[in-house]
Amino acid sequence: MPSLVAPAIPAGSLAVTGHPTLPVGDDALLRPWLLTDAAAVREAFRDPEIQRRHVRRADSVAEAEGWIAAWQGEWEAGAGAHWALVEAGSDALLGRVSLKSFDLQDGTTELAYWTVPAARGRGLCTRAVRVVTRWAMDGWGFHRIELEHATDNHASCRVADKAGFEAEGIRRSAWLEADGRHDAHLHARVRPGT
């Protein structure tokens with residue numbers, strides 16, 4: 001059945017470009033994931049806070065390689081964009097920022113992020129979220145980007161607020177974590193002028 005509205009972002013347009021590396025100030029980069037990042041991902045998922053919020057752990061480097069391959073595959077399929085947040089000089093893993101669940105017809109996506117303990121409290125995640133948001137909206141024409149976090153995840157809420165994502169409400173009992181159901185805050189950014 002033909003659509004009466006042209007897609008906000010033409011299908012296949014992202015995959016034909018290379019997955020970009022994006023600077024996050026002078027001290028960090030967002031770059032595409034490499035399979036060689038698997039050991040660092042496994043180590044990151046040993047952190048109890050990352051496990052709690054993402055309800056996963058990586059039991060082996062091979063398992064982390066599988067996650068990375070899936071993240072890479074989403075770019076190729078035009079379904080998502082996942083970046084490793086790394087230190088500019090050493091390439092040490094600091095975190096992850098992802099756009100997922102692309103809806104190219106509507107120009108919408110969801111944003112997710114985490115940082116390793118050593119990278120927290122420096123404003124780095126907020127800066128990285130701003131960079132990815134600008135890339136998605138100004139560079140590709142995404143209209144709306146949503147992010148959610150458990151209502152008791154105050155650090156994620158601060159990142160969302162500081163990155164300009166307005167709180168839109170609470171989704172009751174929306175997330176299942178290891179300790180049970182949690183309400184989730186919904187935040188969103190809408191491209192200015194649309």
Side-chain angles (χ1 to χ4, degrees), residues 24 28 30 33 37-38 40-60 63-71 73-75 77 79-85 93-103 106-137 142-191:
V24 181
L30 289 158
W33 285 98
D37 294 321
V41 169
R42 179 177 184 238
E43 185 60 32
F45 272 82
R46 289 184 181 186
D47 174 53
E49 188 65 13
I50 290 176
Q51 285 183 9
R52 177 178 179 213
R53 300 301 179 183
H54 296 273
V55 293
R56 310 170 80 167
R57 68 173 192 244
D59 289 329
S60 68
E63 184 175 5
E65 286 173 345
W67 295 356
I68 292 169
W71 298 336
E74 283 193 32
W75 176 266
H82 303 261
W83 286 271
L85 176 61
L93 182 64
L94 302 171
R96 173 180 178 231
V97 179
S98 298
L99 295 171
K100 54 188 185 164
S101 304
F102 283 180
D103 183 333
D106 282 342
T108 61
T109 186
E110 299 171 16
L111 189 137
Y113 46 83
W114 52 257
T115 54
V116 299
R120 295 178 190 152
R122 300 174 12 198
L124 187 59
C125 191
T126 300
R127 287 191 287 138
V129 166
R130 286 181 185 146
V131 166
V132 167
T133 301
R134 196 168 32 255
W135 173 86
M137 290 185 163
F142 279 94
H143 170 72
R144 178 182 170 87
I145 302 174
E146 295 182 352
L147 71 82
E148 291 185 343
H149 60 81
T151 55
D152 66 347
N153 188 343
H154 305 295
S156 278
C157 199
R158 283 191 301 275
V159 168
D161 288 340
K162 289 178 181 179
F165 282 74
E166 292 187 33
E168 292 191 339
I170 295 175
R171 294 183 57 230
R172 293 177 298 124
S173 196
W175 284 16
L176 179 60
E177 294 185 358
D179 62 348
R181 290 251 167 225
H182 288 261
D183 292 348
H185 280 156
L186 172 63
H187 296 257
R189 287 249 339 237
V190 176
R191 192 172 71 227

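Worth knowing before you read on, the calculation uses all heavy atoms, side chains too, and leaves out hydrogens, waters and symmetry mates. Remember, predicted model here, so these are calculated numbers, not experimental data.
- For A118, the side chain to side chain contact (heavy atoms under 4.5 Å, CB included) criterion is met by no residue, not counting sequence neighbours.
- Counted within 6.0 Å of CZ on R122, heavy atoms from surrounding residues, nucleotides or ligands total more than 12; the atom is thus considered enclosed.
- Atom CG of L85 is separated from atom CG of L93 by 7.5 Å, given to the nearest 0.5 angstrom.
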Please output the side-chain donor-acceptor pairs of residues 157-167 that fall under 3.5 Å, not counting sequence neighbours, one pair per line with the distance.
none

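- A81 and F102 get closest at one heavy-atom pair: N-CZ, 3.7 Å.
- Here the options are R53, R171, K100, the test is salt bridge (charged side-chain N to carboxylate O under 4.0 Å, His left out), and the partner is E148; only R171 passes.
- A 4.5 Å side-chain heavy-atom check between E63 and R42 finds every atom pair outside the cut-off.
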Item checked: Chi angles and distances behind the side-chain contact (heavy atoms from CB on, under 4.5 Å) call for T133, L111 -> CA-CA 9 Å; T133 301; L111 189 137; 4.0 Å; yes

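- Atom OG1 of T109 and atom CE of M137 lie 10.0 Å apart (nearest 0.5 Å).
- With respect to the salt-bridge test (charged N to carboxylate O, under 4.0 angstrom), the residues R52 and D152 qualify.
- Ring geometry for W114 versus F45: interplanar angle over 60°, hence perpendicular rather than tilted (30 to 60°).
- Here the OG-CD distance, from S101 to E146, works out to 10.0 Å after rounding to the nearest 0.5 Å.
- Salt bridge status for E168 with R144: present, with a side-chain N to carboxylate O gap under 4.0 Å.
- Here the shortest heavy-atom pairing between W67 and R56 reads NE1-NH2, 2.8 Å.
- Between A174 and A184 the shortest heavy-atom distance is CB-CB, 4.1 Å.
- Rounding to the nearest 0.5 angstrom, the gap separating the CD atom in E49 from the NE2 atom in H54 is 8.5 Å.
- Of the residues T115, L94, V129, the one that meets the side chain to side chain contact (heavy atoms under 4.5 Å, CB included) test with L124 is L94.
- Considering only heavy atoms from C-beta on, R120 comes within 4.5 Å of D47 through its side chain.
- The side-chain heavy atoms of V131 and R127, taken from C-beta on, include no pair separated by under 4.5 Å.
- Within the 4.5 Å cutoff, no side-chain heavy atoms of E110 are placed close to those of L147.
- Of all heavy-atom pairs between N153 and H149, the closest is O-ND1, 3.6 Å.
- Across every non-hydrogen atom of V97 and Y113, the tightest pair is CG2-CB, 4.2 Å.
- The distance from the CD1 atom of I50 to the CZ atom of R57 is 14.5 Å, given to the nearest 0.5 Å.
- Here the closest heavy-atom approach between residue L99 and residue W135 is recorded as CD1-CZ3, 3.9 Å.
- Note that the CZ atom of R172 and the OG1 atom of T151 stand 12.5 Å from one another [nearest 0.5 Å].
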